[in-house]
There are 2 protein chains.
Amino acid sequence: MKTQQTAEGVARPAGRPRSEKAERSIIEATLELLGEGIGVSELSIESIAGRAGVGKTTIYRRWSNKEDLVVDALATLKPPIPLPQGGTVRDDLVTYLRVIQEETRHHRTRCIMNIAMSDSERHPRLAERFRELAVEPRRAVVAAVLRRGMETGELRADLDIDMALALLSGAMIWSTKWSHSGESDAGLPERIVDEALKGFRPRNSEQ
Amino acid sequence: MKTQQTAEGVARPAGRPRSEKAERSIIEATLELLGEGIGVSELSIESIAGRAGVGKTTIYRRWSNKEDLVVDALATLKPPIPLPQGGTVRDDLVTYLRVIQEETRHHRTRCIMNIAMSDSERHPRLAERFRELAVEPRRAVVAAVLRRGMETGELRADLDIDMALALLSGAMIWSTKWSHSGESDAGLPERIVDEALKGFRPRNSEQ
DNA sequence: CCGATACGCAACGGGACCGTTTCATAATCC
DNA sequence: GGATTATGAAACGGTCCCGTTGCGTATCGG
């Protein structure tokens, strides 16, 4: 194993270098298949190789098992849409839920979410990726919005931020999944936010 | 195909009757495997037959495909725990969420829920079963609790029941799935319910 | 006992993938 | 050119499962 020094001083093995194009198309093929509804357990290396136009060897040389590949593939998904914040707290929250709602319309996103919900049970490292990739960044952004509202007095000063986030996100997911068939989804984000802001109690009740 | 008349007047085919015991153990084996984390797509007839101590023939004779079998198997799951209602609305809601929380502790229930969330995408009839089996009955019970609260004045008269239900159930699911690792789940139901009842706004804010 | 049907079991041919190996070819450095 | 490593293609033996068939046995009605 001879190595050379590049101009940048990075050690480099002798021989033909690995093709970055192949690597990209492998990951792209993986995401495509997952996005078509193929679960992690049904995902086969052969199908990925076929889709990517690549020999199985090339895949096995880089990833020793399927989970590693999927983890790396998911890491390339960029957190979509930085939430535009700046309006009312209510408006920002509505925008946030609209983003979620829009995503659930795309088949690809739904499939990825399904993997996050289910396959992560058997693949803890997948769950980890999802958390740091999709859950945590959004949590941070919305948490900032909520904190702002608590400072301006638009929200209760003792609001439990994580709980508020769970109520909003959870309600959105739950509604799109189990809403009555005929029920319209128009204005759903607004209705969720307003209901959450108001609370269930009458405005002038004691306690 | 000769048939005879039984005492009850029910037509009955000639020959040895099908074994109800076999049928039960097939369904039981199916539920066991699903409860161990086997997804619908990975579930194989051979594994079911093996687990049930039954020939594959016996399964194929009764169900023409896997989805039919799973649908029938799920139908035998009884909606667990009729929600004890009678206390405060708040108490009843807390009880409801505690039931959900307790279920998510059981691996079997978690697996079934995962199937409901993910596999139902590719198997509409499964989604149907889940709705009428697990979602709808609970919705009805909790809706009754909420309606009672609206009548007694404990809750806002114009509360959107379906929305309230989505907030509560969604928050519970979301929290148990994506809560911070170290975070304790103790008192989670109470905290969700209280946060939902109070709403996010300060008690004496205008609008 | 007889005809009919169901049972569990074993075996079938066929398909999809597994993870590995071999091979001719391509890319890189010296 | 020579050494070295990567690439895509093909083939390997092996496993799992498919859905079907045949077999000997068990259980029903008549």
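Residue numbers start from 1 in every chain, and the chains themselves are labelled A, B, ... in the order their sequence lines are given, proteins ahead of strands. This structure is a prediction, so every number in the text was calculated from the model and none was measured.
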(Q) Rounding to an integer number of Å, can you tell me how far A:Arg62 CZ sits from D:dT7 C1'? (A) 9 Å
(Q) Check this one for me: any side-chain N or O of B:Thr58 less than 4.0 Å away from OP1 or OP2 of C:dG8? (A) yes
Short heteroatom pairs, N/O only, protein and nucleotides 25-27 of chain C, under 3.5 Å:
unit_1: C:dA26; atom_1: N3; unit_2: A:Arg16; atom_2: NH1; d: 3.1

**Q.** Between C1' of C:dG8 and CD1 of B:Ile26, the distance in whole Å
**A.** 11 Å
Q.
Determine whether B:Asp68 and B:Asp72 satisfy the following criterion, side chain to side chain contact (heavy atoms under 4.5 Å, CB included), listing intermediate values before the conclusion.
A. CA-CA 6 Å; B:Asp68 285 351; B:Asp72 281 359; 5.6 Å; no
(Q) For nucleotides 11-24 of chain C, give me one character per nucleotide, 5' to 3': B if any protein heavy atom sits under 4.0 Å from the base, S if the only such contacts are to the sugar-phosphate, - if neither. (A) B-----BBBBB---
Q) Should B:Glu32 and B:Arg51 count as an ion pair when the cut-off is N to O under 4.0 Å? A) yes
Q.
Do the side chains of B:Glu103 and B:Arg98 get close enough for a salt bridge, i.e. N-O under 4.0 angstrom?
A. no
**Q.** B:Glu20 CD - C:dA6 P separation (whole Å)
**A.** 14 Å
Q) Should B:Arg129 and B:Glu132 count as an ion pair when the cut-off is N to O under 4.0 Å? A) yes
Q | Interatomic distance, B:Lys21 NZ vs C:dA6 C1' [rounded to whole Å] | A | 14 Å
Result block: side-chain N/O donor-acceptor pairs under 3.5 angstrom for residues 110-120 of chain A, not counting sequence neighbours:
unit_1: A:Arg110; atom_1: NE; unit_2: B:Glu121; atom_2: OE2; d: 2.7
unit_1: A:Arg110; atom_1: NH1; unit_2: A:Thr104; atom_2: O; d: 3.0
unit_1: A:Arg110; atom_1: NH2; unit_2: B:Glu121; atom_2: OE2; d: 2.9
unit_1: A:Ser118; atom_1: OG; unit_2: B:Asn114; atom_2: O; d: 3.3
unit_1: A:Ser118; atom_1: OG; unit_2: B:Ser118; atom_2: OG; d: 2.4
unit_1: A:Asp119; atom_1: OD2; unit_2: A:Val40; atom_2: N; d: 3.2
unit_1: A:Ser120; atom_1: OG; unit_2: A:Ala116; atom_2: O; d: 2.6

**Q.** B:Ala134: side-chain contact (heavy atoms from CB on, under 4.5 Å) partners, not counting sequence neighbours
**A.** none
Q) Atom CZ of A:Arg51 to atom C1' of D:dG8: distance rounded to whole Å? A) 18 Å
Q | Contacts of type side chain to side chain donor-acceptor pair (under 3.5 Å), residue B:Glu128, not counting sequence neighbours | A | none
Q: Round to the nearest Å and state the distance from B:Ile38 atom CD1 to D:dC16 atom C1'.
A: 13 Å
Q. For B:Thr76, which residues count as a side-chain contact (heavy atoms from CB on, under 4.5 Å) partner, sequence neighbours excluded?
A. B:Ile27, B:Leu31
